Structures are given as structure tokens and as C-alpha cells.
Amino acid sequence: MNTTPSKTTTPSTTTPPAGTTDPAEGAADAVTEDATGQDAAAKDPLAKDATGTPSDAADAADATTASDDLADQTAEAEADDADEDLEPDPFTEARHGVGAGAAAVVSAALGVVALTGAWTGRVAAERETLIGQIKTSGGGSAAQQISEIYGDAWHTTALVNGVFAVLALLVGVFVLVRPAFGVPSERPQPAWVRAVALAGVALGALGVLISVGMYFDLFAALPTAGAPAAG
């Protein structure tokens, strides 16, 4: 029988050599790193939300900028409309010019008719001649026949030509004074319109003078019949 007490083996506590890491400490560090990684993963979506999406202030700034741009565009459109309203309509100006030009041409034409005579004057003169012949058909003196047949026809022609001359004068003056009394126009009256209107005024005034002289026998007196010779 072995009476020698058994030896109890106790684990020896040895210090790891320098430059090595204790396994227990490595396990603790691994646990700490895992916890830190999980916290970072939990916080990462918040960080992405904070940096990846625009803030409320940025949204408000963008909305203000868009409103300012829209207001500027609206103001520019209104300014363009106002400029278009202020600009004269070319078609309206053209209509006014055509009307004035036509009136000037009419004035000149009436003046020419007043000087050369019209068919209406000839018809009226022939009518007066016929009336004079009817009146003197039953007998009458030579002076009466001259007055009824020739004088009345002459005066009627002068009267008709005078009417055309007065019309030419009035139309020409109207064309010349129309810009001063009508709606103000930014474009002056064309020079050719004023020239033709002046021609109509001149012809009309000349026609009036000639017609007055013819009517009152200022240029040429009516012929007179001589006294019959005594037999």
C-alpha cells in the first residue's frame, strides 16, 4: 500500500511573453468592436438621411427662387404686352394714309373738272338753250333772244363749274387741316398727299375765280344786237 500522498496539480499561471496578446483580452476586444459596429450600423441610416436629402431650409429657398423667376417672367410678359399696346397699328396707319391720299386725288380731279367743264354743265346749258328757244319762239326782241338762248346757258355752265370748284377747294382744305384736328398720329402725313391736296386747292380756287367771272360777265360781256337800220 502506497502511503505517499498524491500530488495535486494546479494550473500554473504564467505570464505571456512580451509581444503576445492575451486570448481573454482579444475576445473582449472582439466583443467591443462588434458592439461598436452594430451601433454605427444603427446610426448610419440617420446619417445618410441627414446628408443625402435636402433640408427644409433648402426646399424653402428653392421654392422662393422659383416664385421669383415666375414673377419676373410675368412682369416681362406684361411689359411686352404694354409695349405692343403703345406701338401704333400699322394697318390703322395705312388706312388713314389711304383715305387722305384718296381725298387729295379727288380734290385735284374736281379742280380739273371745274376748269375743263363736265357733262353735267353741258346738259344744263343745252336745257337752258332749249327753254330760251321755246320762250322766244312766239316772237321777241334780239336782246331777249340773246339773253334767253345764249346768256342763260352761259351762266348755267359757269354755275355748274363753280360748284365743282368749290367742292375741290373744300376737299383739299379738309385734307390739309385734318391732322391738326383729328386723332394725333405718330407718323406725319405723307408728302405726296399734301402736294396733291395743295394742287386740288389751287385748282379749286382758280375754278371759283373763273366761274364767278363767267357768271357775272366780267371776262366777256354778252353780245348786243344793233339797232335795226331805218328803211
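Since the model is a prediction, treat every value here as computed from it, not as a measurement.
Once rounded to the nearest 0.5 Å, the distance linking CG of Asp152 with CG of Leu159 reads 11.5 Å. The distance from the CG atom of Leu169 to the CG atom of Leu206 is 11.0 Å, given to the nearest 0.5 Å. Atom NZ of Lys135 is separated from atom CD of Glu128 by 7.5 Å, given to the nearest 0.5 angstrom. Taken to the nearest 0.5 Å, the CD1 atom of Ile210 stands 5.0 Å off from the CG atom of Leu115. Note that CG of Leu130 is 4.0 Å distant from CD1 of Ile134, once rounded to the nearest 0.5 Å.
Looking only at distances, a side-chain donor or acceptor of Gln189 sits under 3.5 Å from a matching main-chain atom of Val175. Checked by atom type and distance alone, the side chain of Trp154 pairs as donor or acceptor with a backbone atom of Met214 at under 3.5 Å.
Between Val160 and Ala124, the closest heavy-atom pair is CG2-CB, 4.3 Å. A pairwise comparison of heavy atoms in Gly151 and Leu222 identifies CA-CD2, 3.7 Å as the closest pair. Across all non-hydrogen atoms, the minimal contact from Ala114 to Gly207 is CB-CA, 4.5 Å. Taking every heavy atom of both residues into account, Phe219 and Gly213 meet most closely at CE1-CA, 3.4 Å. Taking both residues in full, the closest heavy atoms of Leu176 and Arg194 are given as CD2-O, 3.9 Å, listed atom of the first, atom of the second, then distance. Among all heavy-atom pairs drawn from Val201 and Val173, the shortest one is CG2-N, 3.6 Å.
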Sequence neighbours left out, cut at 3.5 Å: what donor-acceptor pairs do the side chains of residues 98-108 make with other protein atoms?
| from | atom 1 | to | atom 2 | distance (Å) |
| --- | --- | --- | --- | --- |
| Ser107 | OG | Ala168 | O | 2.7 |
| Ser107 | OG | Gly172 | N | 3.2 |

Could you pull out all donor-acceptor pairs under 3.5 Å where a side-chain atom in residues 141-149 meets a protein atom, sequence neighbours excluded?
| from | atom 1 | to | atom 2 | distance (Å) |
| --- | --- | --- | --- | --- |
| Ser141 | OG | Gln144 | N | 3.2 |

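Legend: side-chain hydrogen bond (donor to acceptor under 3.5 Å, both in side chains) pairs involving residues 114-126, not counting sequence neighbours: none detected.
Hydrophobic clustering places Val177 together with Leu198 (ILVMFWY residues linked when any side-chain heavy atoms are closer than 4.5 Å, directly or through intermediates). If you chain together hydrophobic residues whose side chains sit under 4.5 Å apart, Val163 and Tyr215 never meet in one group.
Counting only heavy atoms from C-beta outward, the side chains of Val166 and Val208 approach each other to under 4.5 Å.
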